[in-house]
2 protein chains.
Amino acid sequence: MEKRKRWSLEDVHQYLSEHDIRISLYRLKIFEYLINERTHPTAEEIYNKLKKEIPSLSPATVYNTLRFFLEKKIVQLVNVEKNEARYDATLSWHGHLKCLSCGRVFDIHIENLKLSGLEGFQVYEKHLDLRGLCPGCAKIKNIKEVEYD
Amino acid sequence: MEKRKRWSLEDVHQYLSEHDIRISLYRLKIFEYLINERTHPTAEEIYNKLKKEIPSLSPATVYNTLRFFLEKKIVQLVNVEKNEARYDATLSWHGHLKCLSCGRVFDIHIENLKLSGLEGFQVYEKHLDLRGLCPGCAKIKNIKEVEYD
DNA sequence: TCTAAATTTATAATGAATATAATTTCGAAG
DNA sequence: CTTCGAAATTATATTCATTATAAATTTAGA
């Protein structure tokens, strides 16, 4: 995935306004976190991170705001793990890989996807979700296998 | 997706045995339902369907058995909808489309998928999940749009 | 047929997410 | 800049799919 410039709070402010979203401190900070950190966090992770800065933040606000961002289509749901909703503010077409060892979710570049038999269907969303090991964890696993073989 | 012959209970019995799975009536019936109906049902749907035939069946057994089939890797999880685990006994590489109108999940044939930037990663599972409308619902929706425009 | 191990059941518990109702904040009109 | 109705946020209760537990039943080999 290509590198991108960090968004300032002003950038986020303008972006939300352009999408007809009323501004609040919480919305700015939650979106800023999603767009800049790009770790596809869960609602709980966002809450734990932001409450250090904003102690008045409540978990319900994080859940509500993320649901609202989904409705407004400025955030997409990452469903790579059952019972663990993650969120991504990058809307370009890409896949996700969850490392089953460290739990992190990585963006995956899709060169090409060709489907067939979709005549008559209408496709609104496409999600490509992989599960496996990230390079760091794969290396550790290989070392361990050599050790114990 | 290609048509396949309906599996008999004997076929299921042999298949489970080949995968070192102890036989029980419940396991036979649950797997038979998954492999023959191919509607990617939820645990609840399987329970509601099978309890008519087998009144002694309990919901916990359906959940336990599906989890067990996942561990044994004879069934795959379909995660196309948050908070709605669905199950598929067909292990060949294909995608799923959930119709957001009628709720049914369809198999989608994948002609080609090319990813890049995966150097160093190990990929254990790939899931392609689409959301949209099936042909029947898309047609109804188009008719309604014409009516009301 | 018998027996130990595995499976199934009924029930309670879990936990992420949502609903509710009271409180606070936002932002447009004056 | 102030006011005020609408919208956002909070704390709390609730929901609901799924998992855990412990007792009862079933399976499959001896």
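Just so it is clear, the values below take in all heavy atoms, side chains as well, and ignore hydrogens, waters and symmetry mates.
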May I have the distance from B:Lys51 (atom NZ) to C:dA10 (atom P), rounded to whole angstrom?
12 Å

Per-nucleotide protein contact string for nucleotides 13-30 of chain D (B base, S sugar-phosphate only, - none; heavy atom under 4.0 Å):
----SBBS------BS--

Run through A:Tyr87, A:Tyr26, A:Phe69 and flag the one making a ring pair (Phe, Tyr, Trp, His ring centres under 6.0 Å) with A:Phe31.
A:Phe69

Could you give the CZ-to-P distance, from A:Arg27 to C:dT25, as a whole number of Å?
15 Å

When the distance from CD of A:Glu81 to C1' of C:dG15 is rounded to whole Å, what number comes out?
15 Å

Donor-acceptor list for residues 45-52 of chain B side chains, cut-off 3.5 Å, not counting sequence neighbours:
{"residue": "B:Glu45", "atom": "OE1", "partner": "B:Thr42", "partner atom": "N", "Å": "3.2"}
{"residue": "B:Asn48", "atom": "ND2", "partner": "B:Glu44", "partner atom": "O", "Å": "3.3"}

Would you say A:Arg86's side chain and A:Val80's backbone share a donor-acceptor pair under 3.5 angstrom?
no

Check: A:Glu32 side chain, A:Ser8 main-chain N or O, donor-acceptor pair, under 3.5 Å:
no

Separation of C:dA16 atom P from A:Leu77 atom CG, nearest Å, is 16 Å

Can you say whether the rings of B:Tyr15 and B:His19 are parallel (under 30°), tilted (30 to 60°) or perpendicular (over 60°)?
tilted

In whole Å, what is the span from the CD1 atom of A:Ile54 to the P atom of D:dA8?
17 Å

Taking the side chain from B:Asn79 and the backbone from A:Asn79, do they hold a donor-acceptor pair closer than 3.5 Å?
yes

